[in-house]
Amino acid sequence: MNRLDLVVVGAGFAGMYTLHRARGLGLSVRVFEAAGGVGGTWYWNRYPGARCDVESMEYSYQFDEALQQEWRWSERFATQPEILRYANHVADRFDLRKDIRFDTRVLSAIFADKRWIVRTDRGDEVSAQFLVMATGCLSCANRPDAGGLDSFAGPIYHTGEWPHEEPDFTGKRVGVIGTGSSAIQSIPILAGRARTLTVFQRTANYTVPANNAPLDPDFVARIKADYRAFRARNSLQINAFGSNMPRSSIPARALTPGERRAALEARWEYGGLFFLGAFGDLLLDKAANDEAAEFVRGKIRGIVRDPAVAELLSPKQVIGCKRLCVDTDYYATFNRPNVRLVDISETGIDEVTPRGVRVDGASHELDALVFATGFDAMTGTLLRIDIRGRDGRTLKDAWRAGPRTYLGLSVAGFPNLFLVTGPGSPSVLTNMIVSIEQHVNWIADCIARLRAQGRAAIEARPEAQEAWVEHVNAVAGRTLYTQCNSWYVGANIPGKKRVFMPLLGFPDYVTKCDEVVAKGYEGFDIS
Ligand code: FAD
Ligand code: NAP
C-alpha cells in the first residue's frame, strides 16, 4: 500500500491550495477528485447564467501576489467559464495536476493503526498520516424523490451536475423546479432559449439585481496598486468581503423613514449582496428586516405586470435568512409571454409523468426538466463517504444529532482529520475563497508544527467541541438567520437534523483560531 503523508479529497479551490501548501512543507501528498478536472463548484455548475455573487476582484486567491496581479477578470461578477479558466490557470501555474487523480471518487477513509486508509472507486488503496477533506459545502446535489421521475420521456438536468455539452432548448417546453440562486440565475437565460418555460416554485425567494458590468480598468488598477491592503480590509468585514460597500453600523431605528428608504434604494442600485448591509441591524431586528423585505416586495410589484404573478413571486419570510439571491432580469422574466409560474407551495408536485409534471391535478406538458433544487449542504458530501475514526466510530454516527466540530476544522474521535470550511466555521456566510485560504493555512501550519515537534497526532477534545457547538448556536440564536426553512439549517433535505451549520462572523473566528494556536492548540490533544 502506498504510504503518504497526506491525502486530500477534492480539487476545488480548497483542495488545490491544500496541495500547494503541502508541497511547500515537503509532504508526500495525493489528491483524489471525482471530477475530470479542477475547479470543484465551477467544474460542476455549468448551467446557463452561473456566475459568482462575490465581486471578481475578491473571489480569487490572495496567497500569491504575482498570481493576483497577473490574472485579469473581465466583469464585476465573473461567469462560471471565467472562474473555471482561473482555476485551470492556477493548476497550470503551480503544476498541480501531477499530484491529482481525477475521475476518482473516495469511497472510504478508515483510521487504523494511527493512519488513514483511503479507498477509491478505482481500486486505489493508500495510507496517510493526515487526511484533509476539501470536499466542498455545496457539492452533493439534492435530487428530490419526485414520484414517476424515471418515467419522464425527456432529458432531466440538475444545475449542480450540468452536462459539458450545452443542451439545446430551442423550440422546447422546459420546466424548472426550484427558485433559489441557481434557478434565479438560469431562468432569465432559459426563458430566452426555450419555447416555453414553466417555473415550479415552492418558496418565493428574495433577489436583488447584480447590476453587473465590465470591470473598469481604473478600478482594477486602484485595487492592484495595493491588493494586499484591499484583501486585509475585506478580511475585517463580517462576511470577509465588500469593504468597498461595508455594512452600515447604524440601526434602522436611528434613521428617519426617508433615510431608511434612501439607504435601501442606494443599495438596490449598487447591486448584489450589499443590500443586506443597508442597516446595521437588518439581520438582527425583525422590524428593520420587515422594512427591507417590504422594499423588495414593492420592487417586485413595480417590475412584474400581472399583480397575481407579482404576489406569488413576493417572499414572505425574513429577508436574508435564506441566502439572498443576486440576479439579472429575474423578476422581469415573468413578464414574458412564454414564461409561467406554478405555485407548488401547498401541494408539492403530484408526480412526474412521461409527458411532464402534474401539480394539484393539472398537467404541465414538458420536453425537458431542470432541477434547480440545490444541495445537501455542508454535511451531505462528507456523509456519503464511509469515514471511520478511532474505535471504528463512523462520522455518520458522530453526527447523528447534527454536525459537531471544533472550529469547523476538526472532529473529536477523528485524529489527524481536517475539514476545510466545515460546519461550525464561517464558510458559506463568507467569501469562501478567503475562508478556504484561512483554513488551509491553519491546517498546513498545524501539520508543520506537529512535525517540527516530532508529534504524530492531533485531535479535538470532546469538551472543546461541545463548547464550540454551543457557541455557534448562541451566535446564530442572536440573529434572524434561524427563522426560516433554509439549507443553512438543513431544512431542504427531508429527515435532516435541523442545526444552524455555519458560524456568523469571520474576523472573530480568525481571532479565535489564532488564539487556539497561541495557547498551544487549546482544546486539542496532541500526542
Ligand atoms: P468544491 O468547489 O465544492 O470542491 C469540492 C470538490 O470535491 C468537488 O470537485 C468534488 O467533486 C470533490 N469531491 C467531493 N467528494 C469527493 C469524493 N468522495 N471523492 C473525490 N472527490 C470528491 N461562494 C462564494 O464565496 N461566492 C460565490 O459567488 C459563490 N457562488 C457559488 C455559485 C454556485 C453555483 C455554487 C454551487 C456555489 C457557490 N459558492 C460561492 C460556494 C462555492 O462552493 C465556494 O466558493 C468554493 O468554490 C468551494 O470550493 P471547495 O474547494 O471548498 O469545494
Ligand atoms: P437552493 O438555494 O437550495 O434552492 C433550491 C430551490 O429548490 C429552492 O427554491 C427550494 O425550495 C427548491 N426545492 C428543493 N427541493 C424541492 C422539492 N422537493 N420540491 C420543490 N422544490 C424544491 O439551491 P441553489 O439555488 O442551487 O443554491 C444553493 C447555494 O449555492 C446558494 O444559496 C448559494 O450559496 C450558492 N449559489 C450561489 C450562486 C451565486 O449567485 N453566486 C448561484 C447558485 C448557487 P425551498 O426554498 O422551498 O426549499
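Starting from 1, each residue takes its place in the sequence as its number. All values below were derived from every heavy atom in this structure, side-chain atoms included, with hydrogens, water molecules and symmetry-related copies excluded. Start at 1 and go down the list; that is how both ligands and their atoms are numbered.
Considering only non-hydrogen protein atoms, atom 47 (O) of ligand 2 sits nearest to Thr203 OG1, 2.4 Å.
Residue contacts with ligand 2: Thr159 is placed with no nitrogen or oxygen under 3.5 Å of a nitrogen or oxygen of the ligand (distance criterion only). For Met432, a nitrogen or oxygen atom sits less than 3.5 Å from a nitrogen or oxygen atom of ligand 1, counting backbone and side chain alike. For Thr179, a nitrogen or oxygen atom sits less than 3.5 Å from a nitrogen or oxygen atom of ligand 2, counting backbone and side chain alike. For ligand 2, the polar-atom distance check against Ala372 finds a nitrogen or oxygen pair separated by under 3.5 Å. Geometrically, ligand 2 and Asn205 share no nitrogen or oxygen pair separated by less than 3.5 Å. For a threshold of 3.5 Å applied to N or O pairs, the pair formed by Trp487 and ligand 2 contains at least one separation below that value.
Every atom of ligand 1 is numbered from 1 in the order shown, and the set under 4.0 Å from a heavy atom of Ser139 is 3 (O). Set against the non-hydrogen atoms of Ile177, the atoms of ligand 2 under 4.0 Å away are 20 (C), 21 (N). Distances below 4.0 Å separate heavy atoms of Thr430 from the following atoms of ligand 1: 25 (O).
Residue contacts with ligand 1 for Ala134 involve N, CA, C or O but no side-chain atom from C-beta outward (heavy atoms, distance under 4.0 Å).
The pair Glu311-Lys316 counts as a salt bridge, with a side-chain nitrogen and a carboxylate oxygen less than 4.0 angstrom apart.
Within the 4.0 Å cut-off (strictly below), no protein heavy atom is located near atom 39 (N) of ligand 1.
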